[in-house]
Amino acid sequence: IGIVPPIEIKEKILDFQKSYPSNKVCFFHEPHITLKAPTGLTEDKSWIPKVESVLKDYPQFKIKLDSVSAFENKVLFLNPVFSLSLVNLHLKLVSILNPNSEPDEKFFEGPLYHPHLTLGESTWGGMTEEELVRMKKRAETELLDIPEFLISFVRVFQKEKDGEPYYKLSDIPLLNYKNRKYKNE
């Protein structure tokens, strides 16, 4: 479950990622900020109504990507400016989908959550650490002018089996106060 930037920003990031032939990240998934990792998301999709119930009442918010960083020189990513709305939405989703689990260090959920948009990766993403260093320098000049954008929906991703790319299963809208229907209307 993730946040996908608007099409023009998404295409700019994809073009940047694809300019590195060894980068497999763009093959496995489109640019996004993960809100909820796959843990607790069962194949029967019985969890989707729970997600919809949270999102329909969660107000739209804005995100700004403002810096380039890395996890242990293995994952290069864009950092969003801290957003309480983003963190709170993550925590709500984790609480309804994995209510009894400990924070998962593999997926960085709960108090370990670090929102990011992955640009390149060396473990499964195919890039070398040297390529990631070069990519970081380029990203700091080419990708830090991305304007703030509105989050109006959350995307649910799915993949058929390991080793295959994720694809869009559905987009679930967030609450838009301008179009909200009140009981007295």
Side-chain angles (χ1 to χ4, degrees), residues 1-45 47-48 51 55 63 65-80 83 86-87 89-90 93-94 97-98 101 103-110 112-140 142-144 146 149 151-172:
I1 302 174
I3 291 173
V4 179
I7 189 77
E8 61 279 356
I9 295 171
K10 184 173 83 168
E11 286 176 356
K12 180 176 184 171
I13 293 168
L14 271 172
D15 288 346
F16 179 85
Q17 290 173 318
K18 289 177 180 179
S19 70
Y20 292 86
S22 64
N23 190 1
K24 294 180 178 70
V25 167
C26 44
F27 168 76
F28 286 108
H29 54 72
E30 66 185 315
H32 70 282
I33 298 169
T34 301
L35 272 173
K36 174 68 188 80
T39 55
L41 307 181
T42 57
E43 283 188 39
D44 68 5
K45 303 195 184 34
W47 47 269
I48 289 181
V51 172
L55 298 179
I63 285 184
L65 300 168
D66 81 330
S67 63
V68 182
S69 196
F71 294 131
E72 300 177 4
N73 297 324
K74 295 181 190 297
V75 179
L76 186 70
F77 56 88
L78 293 172
N79 269 317
S83 165
L86 176 61
V87 171
L89 182 52
H90 164 77
L93 292 173
V94 168
L97 297 171
N98 294 69
S101 63
D104 191 331
E105 289 187 28
K106 180 180 179 189
F107 292 110
F108 300 98
E109 294 198 321
L112 303 173
Y113 183 56
H114 185 120
H116 63 282
L117 190 151
T118 302
L119 295 174
E121 223 261 23
S122 66
T123 307
W124 56 265
M127 298 185 75
T128 66
E129 287 187 23
E130 294 78 20
E131 285 176 306
L132 290 175
V133 168
R134 288 193 302 275
M135 180 186 255
K136 182 176 192 262
K137 287 180 181 165
R138 261 189 68 209
E140 289 172 339
E142 295 179 29
L143 295 180
L144 293 184
I146 293 173
F149 54 92
I151 308 306
S152 60
F153 69 91
V154 170
R155 181 155 294 165
V156 177
F157 296 95
Q158 178 176 327
K159 67 177 175 175
E160 295 300 320
K161 56 186 171 185
D162 284 339
E164 290 190 2
Y166 282 92
Y167 61 90
K168 172 184 155 183
L169 178 64
S170 65
D171 287 338
I172 304 173

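All values reported here derive from a predicted model rather than from experimental measurement.
- Residues Leu35 and Leu89 meet the side-chain proximity criterion, which asks for heavy atoms closer than 4.5 Å.
- Under the 4.0 Å criterion applied to side-chain N and carboxylate O atoms, Glu8 and Lys12 are not assigned as salt-bridge partners.
- Put simply, the side chain of Leu65 reaches to within 4.5 Å of the side chain of Ile33, judged on heavy atoms.
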- Message: side chain to side chain contact (heavy atoms under 4.5 Å, CB included) for Val154 and Val51? Distances and angles first, verdict last.
- Response: CA-CA 10 Å; Val154 170; Val51 172; 5.8 Å; no

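- Counting all heavy atoms, side chain and backbone alike, Pro165 lies closest to Lys159 at O-CB, 3.4 Å.
- Residues Glu131 and Ser22 meet the side-chain proximity criterion, which asks for heavy atoms closer than 4.5 Å.
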- Passes side chain to side chain contact (heavy atoms under 4.5 Å, CB included), Thr39 versus Val94? Steps please. CA-CA 9 Å; Thr39 55; Val94 168; over 6 Å; no

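- Taking the six-membered ring where tryptophan is involved, the planes of Tyr113 and His90 are essentially parallel, since the angle between them stays under 30° and well short of 60°.
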- Query: Which is it for Phe157 and Val4 under the side chain to side chain contact (heavy atoms under 4.5 Å, CB included) test, yes or no, and what are the steps along the way?
  - Reply: CA-CA 11 Å; Phe157 296 95; Val4 179; 3.8 Å; yes

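- The distance from the CG atom of Leu76 to the CG atom of Asn23 is 9.5 Å, given to the nearest 0.5 Å.
- In this structure, the side chain of Glu109 engages the main chain of Ala37 through a donor-acceptor pair within 3.5 Å.
- Donor-acceptor pairing under 3.5 Å is lacking for the side chains of Ser170 and Arg155.
- Here the OG1-CG distance, from Thr128 to Asn73, works out to 11.5 Å after rounding to the nearest 0.5 Å.
- No side-chain donor from either of Glu30 and Tyr167 sits under 3.5 Å from a side-chain acceptor of the other.
- Lys168 and Gln158 share no donor-acceptor pair across their side chains, judged by distance under 3.5 Å alone.
- In terms of modelled atom types and a separation under 3.5 Å, the side chain of His116 and the main chain of His114 share a donor-acceptor contact.
- Heavy atoms of other residues, nucleotides or ligands lying less than 6.0 angstrom from NZ of Lys74 number 12 at most.
- Between Trp124 and Phe28, the two ring planes are perpendicular [angle over 60°; tilted spans 30° to 60°].
- We find the CG-CG distance between Leu78 and Asp66 to be 9.5 Å, quoted to the nearest 0.5 Å.
- Between Cys26 and Gln17 the shortest heavy-atom distance is CB-OE1, 3.6 Å.
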- Test Phe153 against Ile172 for side chain to side chain contact (heavy atoms under 4.5 Å, CB included), laying out the working first. CA-CA 5 Å; Phe153 69 91; Ile172 304 173; over 6 Å; no

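- A donor-acceptor pair is defined here as one N or O able to donate and one able to accept, closer than 3.5 Å; no such pair exists between the side chain of Glu142 and the backbone of Lys137.
- Distance check, rounded to the nearest 0.5 Å: OG1 of Thr123 to CZ of Phe71 gives 12.0 Å.
- Atoms CE and OG, on Met135 and Ser19 in that order, are 6.5 Å from each other to the nearest 0.5 Å.
- With rounding to the nearest 0.5 Å, the separation of CD in Glu11 from CD1 in Ile7 is 4.0 Å.
- The nearest pair of heavy atoms linking Pro5 to Pro31 is CD-O, 3.4 Å.
- Counting heavy atoms from C-beta on, the side chains of Leu117 and Pro80 never come closer than 4.5 Å.
- Looking only at side-chain heavy atoms (C-beta outward), Asn79 and Phe77 come within less than 4.5 Å of each other.
- The number of heavy atoms from other shown groups lying within 6.0 Å of CD (Glu72) does not exceed 12.
- A distance-only check finds no donor-acceptor pair linking the side chain of Trp47 to the backbone of Leu97 [under 3.5 Å].
- A 4.5 Å side-chain heavy-atom check between Ile3 and Leu86 finds at least one atom pair inside the cut-off.
- Residues Leu143 and Leu119 meet the side-chain proximity criterion, which asks for heavy atoms closer than 4.5 Å.
- A 4.5 Å side-chain heavy-atom check between Ile1 and Leu41 finds at least one atom pair inside the cut-off.
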